[in-house]
Amino acid sequence: MDPKVENGAMQGDEVPTWGKSLPVPSVQEMVRKDHEFLSERYIQEHKDRAVATNLSPTTSEIPIINFSLLINGDEDERRKLDTACKEWGFFQITNHGVPEKVLKKMKAAVAAFYELPLEEKSKYAMAADDIQGYGQVYVVSEHQKLDWCDIMVLMTLPPEYKKMKYWPVAIPGFKEAVEEYTTETLKLAEEIFANISLLMGMDKDALKRLHGKIMKQAIRMNYYPTCSRPDLVLGVSPHSDTSTITLLLQDDDITGLQIRHREGWVPVKPIPNAIVANIGDVIEGWSNGVYKSIEHRAVTNVTAARMSVATFVIPDDDVELGPVETMVDDYNRPVMYKSIKYGDYLRYTFSKKMDGKANTELLKVGNESI
Ligand SMILES: O=C(O)CCC(=O)C(=O)O
Ligand SMILES: [Fe+2]
């Protein structure tokens with residue numbers, strides 16, 4: 001690797017930043033001091049609470065894609081992927097080829113970071129004008145409700161976008177674990193893009209090309225402490241991801257993620273060693289709304305803290321979000337999404353509190369603009 005990059009010489013002005021967020025206290029720390037901790041800022045409005053009554057009445061589970069079939073060109077599996085992206089926007093990937101030891105090391109790196117004392121973690125706190133580092137995002141007002149989680153955000157690709165000042169390099173194996181995981185998830189993402197490109201009627205490299213000059217990745221390491229009243233709070237408020245796709249690594253034995261399906265919320269029960277994938281807002285736009293960037297949230301529980309690692313693949317700032325030609329049909333499916341530049345969209349989303357599908361609504365033709 002370029003030593004300039006390695007020692008962080010490219011940090012700072014050359015690396016764009018897409019937003020900022022107000023500082024918030026660490027939920028992990030408050031719960032560590034007092035297991036019963038709860039305060040008004042975390043208690044959601046009644047309509048937003050994670051009560052069991054709004055769970056999906058069906059016992060359905062999100063689709064499972066067997067990746068080894070997909071890479072061998074299995075047509076049925078590709079059709080399954082098509083249905084998953086249209087009807088669910090989410091799927092679990094098994095046989096994805098990311099070695100188990102890479103997943104384990106990544107999880108261990110996240111766990112090691114959150115085990116550090118607060119004063120150590122605080123060395124990596126987000127700067128006031130940044131959204132990388134340890135802290136929280138989408139906090140734009142002192143009055144808004146807060147999520148029951150702490151997060152750590154790092155740009156991982158391209159290498160020159162890494163801001164090493166946020167990397168807890170003192171944790172043995174942290175950097176190596178994140179880099180190996182990043183390399184593996186990039187391969188996985190590219191293979192998913194190749195399949196979705198074909199499904200969208202394009203050549204297999206089209207989606208990769210559409211990202212622009214550099215395909216970027218950011219990871220968000222989520223830590224959800226236990227909560228004495230999980231019925232009142234949310235780990236992550238409902239949102240859709242602003243990525244092209246997101247790959248999520250979650251604890252094998254704690255269910256926390258829920259996705260919007262039909263009128264209810266469907267819990268995503270972890271499959272050990274599987275990776276959860278979801279379509280982000282960018283592919284929703286490129287596909288003219290055929291593939292859905294589905295609203296999701298995370299809930300907490302009384303007994304066990306949960307960790308997850310979301311890897312967001314994102315395009316260049318000047319890439320436009322309007323539909324590709326193959327997904328437009330003037331009679332049956334006219335252009336439904338505006339050609340807003342990705343960088344403008346991303347910056348807009350970081351200036352707001354997360355609010356379900358509110359952002360993608362603004363991308364639609366006929367609706368007010370960002
Ligand atoms: O922790 C989870 O399951 C979901 C996290 C998530 O939605 C995100 O980081 O964007
Ligand atoms: Fe998400």
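For ligands, and for the atoms within them, numbers begin at 1 and follow the listed sequence. The first residue of the sequence shown is numbered 1, and numbering continues consecutively from there.
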Numbered atoms and elements of ligand 1 in range of [X], under 4.0 angstrom, heavy atoms:
X: R220; result: 9 (O)
X: Y224; result: 1 (O), 2 (C), 4 (C), 5 (C)
X: A310; result: 9 (O)
X: F312; result: 9 (O), 10 (O)
X: S308; result: 1 (O), 2 (C)

Next on the checklist: Does any part of the side chain of Y42, heavy atoms only, come nearer than 4.5 Å to the side chain of F37, both counted from C-beta?
Outcome noted: yes
One residue to check: [X]. Relative to ligand 1, which of side chain, backbone, both or neither has a non-hydrogen atom less than 4.0 Å away?
X: H296; answer: side chain
X: L248; answer: side chain
X: D241; answer: side chain

Item to check | ligand 1 to Q250 polar contact by distance, N or O atoms, under 3.5 Å | outcome: no
Charged N-O contact under 4.0 Å between [X] and [Y]:
X: E295; Y: K357; answer: no
X: K353; Y: D355; answer: no
X: D344; Y: R347; answer: no
X: D82; Y: K86; answer: yes
X: K105; Y: E180; answer: yes

Next on the checklist: Going by side-chain hydrogen bond (donor to acceptor under 3.5 Å, both in side chains), Y345 matches just one of T360, N359, D281. Which one?
Outcome noted: D281
Checklist entry - Among K20, K165, K163, which one satisfies side-chain hydrogen bond (donor to acceptor under 3.5 Å, both in side chains) with D130? => result K163
Item to check | Which N, O or S atom of H296 lies nearest to the Fe ion (ligand 2), by name | outcome: NE2
Item to check | N, O or S atom within D241 nearest to the Fe ion (ligand 2), by name | outcome: OD1
Item to check | Any side-chain donor near an acceptor of the partner, W18 and D317, under 3.5 Å | outcome: yes
Checklist outcome for this item: min-distance protein heavy atom vs atom 8 (C) of ligand 1 -> H239 NE2, 3.9 Å
Checklist outcome for this item: atom 3 (O) of ligand 1 has as its nearest protein heavy atom R306 NH2, 2.8 Å
